[in-house]
Amino acid sequence: MSFKEKYGPVAIVAGASEGLGAAWARELAGKGLDLILIARRENVLQQFANQLACEFSIKVTPLICDLSEEGAAEKIFSATGGVEVGLMVYNATLSYIGPFIENSSEEQVKLATMNMITPLKLVHYYGKQMVERKRGGVILMSSLAGFQGSGFLSGYAASKAFSRVLAESLWYEWKDKGVDVIGCCAGATSTPNYNNTKPESAGFFAPKVQTPEEVVKECIEQLGKTPSYITGIGNRIASFFMHRVLSRKMAVNIMGDTTRKIYRIK
Ligand SMILES: NC(=O)c1ccc[n+]([C@@H]2O[C@H](COP(=O)([O-])OP(=O)(O)OC[C@H]3O[C@@H](n4cnc5c(N)ncnc54)[C@H](OP(=O)(O)O)[C@@H]3O)[C@@H](O)[C@H]2O)c1
């Protein structure tokens with residue numbers, strides 16, 4: 001079965017106009033899938049959608065939606081009624097860098113909606129249809145930050161643990177039902193979002209920052225083969241030491257100390 005037969009005819013990419021989301025969209029366009037691309041900035045999204053439609057001769061539908069709002073998933077369901085979605089990539093994220101209590105509880109709830117509630121609803125809705133069809137795929141973007149407590153990235157890191165564990169759990173439930181699920185665990189990746197945080201170097205031994213294209217190419221190779229995947233050899237080595245060699249306490253301390261250092265937190 002070709003990629004398009006297995007995961008087509010239409011893929012949704014949530015958070016698709018730049019960075020990793022754009023790389024996912026471009027990769028799937030190259031495989032001949034029609035796309036529904038979700039983001040908030042209409043001009044940027046429309047321009048990117050036109051570009052992909054032209055370049056790959058596919059149908060690309062931009063959908064303006066704020067994924068951090070209550071009711072975002074329902075808005076997407078009604079906009080995609082009757083469309084056969086064979087692949088769902090949840091890429092967008094909300095993250096706060098700094099002390100947990102410096103963001104209001106309303107802001108933390110917004111983060112939880114964007115990073116956990118909306119993807120949970122989307123996976124439930126489209127995943128159910130895929131299971132009934134006995135084919136399809138779900139890709140949830142996670143992060144190395146979600147492998148242990150990560151001070152000063154607390155809500156984000158916790159939500160990334162949620163994504164990975166949800167993906168791994170559904171991988172097991174659906175592996176004999178024709179639906180592939182993967183948690184894509186990236187390390188530092190040179191997206192506009194990441195670059196805008198202006199991180200300082202984590203030091204000589206820090207894993208190399210990957211490009212969005214590298215992350216996507218590696219992860220898509222693993223779809224259907226493994227429940228979750230850490231992209232980048234440097235990230236896999238770092239993760240091995242952090243989670244198989246060091247104690248939990250050491251791993252949590254290293255993560256917090258590194259975040260404090262690269263973001264100059266007092
Ligand atoms: N970059 C890294 O270093 C890194 C590392 C590990 C894991 N990851 C994971 O990779 C994924 C992508 O991360 P990224 O931060 O680098 O982002 P990105 O892929 O560069 O782009 C974010 C995309 O999401 C859209 N978006 C942002 N907020 C949105 C909202 N509220 N509603 C709808 N769309 C929204 C943006 O467009 P609009 O602004 O127009 O809405 C943009 O298209 C995340 O899940 C992240 O956890 C990234």
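Quick caveat: nothing in here was measured; it's all calculated off a predicted structure. Remember, it's 1-based here, ligands and their atoms both numbered in the order they're listed.
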Without swapping roles, check the side chain of [X] against the backbone of [Y] for a donor-acceptor pair under 3.5 Å.
X: E27; Y: E213; answer: no
X: K6; Y: G178; answer: yes
X: T231; Y: E218; answer: no
X: K160; Y: M141; answer: yes
X: N115; Y: T93; answer: no
X: K31; Y: S2; answer: no
X: R164; Y: G146; answer: yes

Run down the list P212, S143, S142, A39 and name the one with the heavy atom closest to atom 9 (C) of ligand 1. S142
Select the closest option to atom 33 (C) of ligand 1 among A92, C65, P119, judged by heavy-atom distance.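 It is C65 whose heavy atom sits nearest to atom 33 (C) of ligand 1.
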F77 vs Y126 aromatic rings, parallel, tilted or perpendicular, using cut-offs 30° and 60°?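 Aromatic pair F77/Y126 classed perpendicular.
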After noting the C-alpha distance and the side-chain angles of Q51 and R26, does the key distance pass the side chain to side chain contact (heavy atoms under 4.5 Å, CB included) rule? CA-CA 10 Å; Q51 194 187 328; R26 178 167 286 280; 3.3 Å; yes
Check ligand 1 against [X] and write out every atom of the ligand that is under 4.0 Å from a heavy-atom position of the residue.
X: G15; answer: 23 (C), 24 (O), 25 (C), 43 (O)
X: T93; answer: 44 (C), 45 (O), 46 (C), 47 (O)
X: A16; answer: 43 (O)
X: M114; answer: 28 (N), 29 (C), 30 (C), 31 (N)
X: A188; answer: 3 (O)
X: G21; answer: 19 (O)
X: L20; answer: 10 (O), 12 (C), 18 (P), 19 (O), 20 (O), 48 (C)

When you measure from [atom] to every protein heavy atom, which one gives the shortest distance, and what is it?
atom: atom 6 (C) of ligand 1; answer: A186 O, 3.3 Å
atom: atom 3 (O) of ligand 1; answer: T189 N, 2.8 Å
atom: atom 31 (N) of ligand 1; answer: D66 OD1, 2.9 Å
atom: atom 45 (O) of ligand 1; answer: N91 O, 2.6 Å
atom: atom 16 (O) of ligand 1; answer: T191 OG1, 2.6 Å
atom: atom 47 (O) of ligand 1; answer: Y156 OH, 2.6 Å
atom: atom 43 (O) of ligand 1; answer: S17 OG, 2.6 Å
atom: atom 35 (C) of ligand 1; answer: R40 NE, 3.8 Å

Measuring from the heavy atoms of G187, does anything fall under 4.0 Å of ligand 1? yes
With heavy atoms and a 4.0 Å threshold, my read on which part of S190 contacts ligand 1 is neither
Report, as yes or no, whether the 6.0 Å neighbourhood of atom CD on E70 holds more than 12 heavy atoms from other residues, nucleotides or ligands. no
Hey, quick one: are L35 and L20 part of the same hydrophobic cluster, counting side-chain heavy atoms closer than 4.5 Å, chains of contacts allowed?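 Yes; tracing contacts between hydrophobic side chains, which count when under 4.5 Å, links both residues.
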Can you hop from M114 to L153 via hydrophobic side chains spaced under 4.5 Å?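 Not linked; separate clusters.
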